[in-house]
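Heads up: the structure comes next, in C-alpha cells.
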Amino acid sequence: MTEPINDPGLGDPALHDRAMDWVLLLRSGQATTDDAEALQRWRRQSDLHEQAFVQAARMFRDLGAIGAQLEARNVRPAAARISSGARQMVSRRGFIGGAIAASAAGYMVVNPPLGMWPSLVELSADYRTAKGEQRDVLLAENVAAKLNTQTSLSVRSEGNAARVALITGEAAITAKRPASDPLILTAANGEISSAYAEFNVRCIDGAVLAICMDGAMTVSQNGRSVQLSRGQQVSYSSTEAIGVPTLVADAERATAWREKLLIFRDQPLASVVSEVNRYRPGKIVVTNSDLGLRLVNGTFHTDKLDDFVAQVRQLFSADVRSLPGGIVLLS
C-alpha cells in the first residue's frame, strides 16, 4: 500500500490551502486557459508558492493511488491508513474524498482540453519544463539530463541507486555509472538500463523512441529486451510491442532540439504542427485533412515560431482563423 503521508514541514497552512484549491480546480474539469495562466503566475510568486503547489499535487496523486488500491481490494475508503496530521490538513478541503473519488472514477490525472496545460501528474513531477523551455539537471550521481520542452520527469532513486521516470516529453541522458549499478529509466510501459551511455529518449502520448548516441543500453518491455549500441534506435508504446533495433537514419534531425532547432524532411503538416505545438504558446489545429497531408521541408528555430502560422498560410494558401486562448485553426 502507498506509504502514509506524514510531512511535518507543511509550512504556511494558508498557502497550502490555496495550493489545494488550485489542484481541485484543475481536477474539476472546469478550469480555463485563463485559470491555467493565473496558476502559473501564482506559482511564480515565490519558491514557497511553487513548493506548496507541487506538494498539494503529489498529495492528491498519492491519495488517488490509495483509492485505486482500496477499490481493487474492495476496501472502504475509511480504511485508508493516512497520518492524522495529513488527514486533518486535507479534510478541510475535501481533499481525500476528492482524490479517492477521482481514482475510483478512473481520473488519476486531469486531461486538459487540447492539451492546453500540463496534466496533474506532470505538474507533480520532480522536474518539469514549460513550452519552449530547456533545462539541464543532475538526476543522480554521474547521471545528467537535458530536458526538452514540455518534459516531466520524476526521480525515484533510493540510496546510491539511480532510478528515474520520464512521465512525458524528451530528454538527452548521459550516464557514467558502475556496471553493477546502472541507471534505470522507465518510460510508458518499458524501461531503459545503462551504465555508460549517451542516449535520447522521447515519450509522447505513450509512444517511446530510444536512440543510443554513444555507449550501450538495454531497452525492455513486457519481459522482452533488446540491446542498443551507438547509432541504433528502437521504439515501443503502450499498445505496441518493442520493435527490432534499427540504424538511426538522421541523427542530426533527431537531436537538433538540443540546438533549439526543428528539422522536418518530407513530413505531413499535421505531424509538423503537432511538434510545433510542443514549443509554441497556444494551440494550432489543422481542421482540413487534405491540408494535414501536405509535406513540409524546412528548419525552424524553436525561439522563432511566431511566424510559423504565417509561413503555412503563405506556403499552402491555408485559411487561418484565430480563437480566444491562443487557438489557431488551419484549413
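Looking at every heavy atom in both residues, Arg177 comes nearest to Glu141 through NH1-O, 2.7 Å. What you find for Ala210 and Ile192 is that their closest heavy atoms are CB-CD1, 3.8 Å. Taking each heavy atom of Asp126 and Ser154 in turn, the nearest pair found is OD2-CA, 3.3 Å. Here the closest heavy-atom approach between residue Leu228 and residue Pro245 is recorded as CD2-CB, 3.6 Å. Across all their heavy atoms, Val328 and Ser322 have their closest contact at CG2-OG, 4.2 Å. Nearest approach of Met217 to Cys212, heavy atoms of both residues: SD-CB, 3.5 Å.
One hydrophobic cluster, built from ILVMFWY side chains closer than 4.5 Å, holds both Val309 and Phe264. Leu139 and Met213 fall into different hydrophobic clusters, where Ile, Leu, Val, Met, Phe, Trp and Tyr are joined by side-chain heavy atoms under 4.5 Å apart, directly or via other members.
Residues Val244 and Val226 are not in side-chain contact: their nearest non-hydrogen atoms beyond the backbone lie 4.5 Å or more apart. The side-chain heavy atoms of Leu183 and Phe199, taken from C-beta on, include a pair separated by under 4.5 Å. Leu329 is not listed as a side-chain neighbour of Val320, based on a closest heavy-atom distance of 4.5 Å or more. In this structure the side chain of Leu291 reaches within 4.5 angstrom of the side chain of Phe316, judged on heavy atoms. Proximity of Val234 to Thr246: side-chain heavy atoms (C-beta onward) are nowhere separated by under 4.5 Å. Contact check for Arg280 versus Lys131: no side-chain heavy atoms found under the 4.5 Å cut-off. Side-chain contact between Leu185 and Glu191 is absent, with no heavy atoms from C-beta onward closer than 4.5 Å.
Looking only at distances, no side-chain donor or acceptor of Asp214 sits under 3.5 Å from a matching main-chain atom of Arg230. Checked by atom type and distance alone, the side chain of Gln134 never pairs as donor or acceptor with a backbone atom of Glu259 at under 3.5 Å. For the pair Thr299 (side chain) and Ile263 (backbone), a donor-acceptor distance under 3.5 Å is absent. Although no hydrogens or angles enter the test, the distance criterion places a donor-acceptor pair under 3.5 Å between the side chain of Asn297 and the main chain of Asp266. In this structure, Ser194 contributes its side chain and Ala216 its backbone to a donor-acceptor pair below 3.5 Å. With hydrogens and angles ignored, the 3.5 Å screen pairs no side-chain donor or acceptor of Ser220 with any backbone N or O of Ser225.
Tyr279 and Asn148 form a side-chain donor-acceptor contact under 3.5 Å, judged by distance and modelled atom types alone. Side-chain contact annotation: Ser229 with Gln232, donor-acceptor N/O pair under 3.5 Å present. A donor-acceptor pair shorter than 3.5 Å cannot be found between the side chains of Arg294 and Gln267.
Taking 4.0 Å as the cut-off between side-chain N and carboxylate O, Glu198 and Arg258 count as a salt-bridged pair. A salt bridge is absent between Glu275 and Arg253: the closest approach of a Lys/Arg side-chain nitrogen to an acidic carboxylate oxygen does not fall below 4.0 angstrom.
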| request: Would you sort out whether Leu330 and Asp319 count as a side-chain contact (heavy atoms from CB on, under 4.5 Å), showing the intermediate values? | output: CA-CA 6 Å; Leu330 295 178; Asp319 291 328; over 6 Å; no

| request: Give the C-alpha distance, both sets of side-chain angles, the deciding distance and a yes or no for side-chain hydrogen bond (donor to acceptor under 3.5 Å, both in side chains) between Gln227 and Thr218. | output: CA-CA 5 Å; Gln227 308 294 320; Thr218 301; 2.8 Å; yes

| said: Between Thr151 and Leu166, is the side-chain contact (heavy atoms from CB on, under 4.5 Å) condition met? List the steps. | reply: CA-CA 8 Å; Thr151 295; Leu166 180 61; 3.8 Å; yes

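Within the structure, ring pair (Phe, Tyr, Trp, His ring centres under 6.0 Å) pairs that include any residue of residues 204-262 do not occur (at least two apart or interchain).
For Leu209, the side chain to side chain contact (heavy atoms under 4.5 Å, CB included) partners two or more places apart in sequence, or in a different chain, are Ile211, Gln233, Ser235.
A tilted orientation is assigned to the rings of Trp42 and Trp22, their planes being inclined by 30° to 60°.
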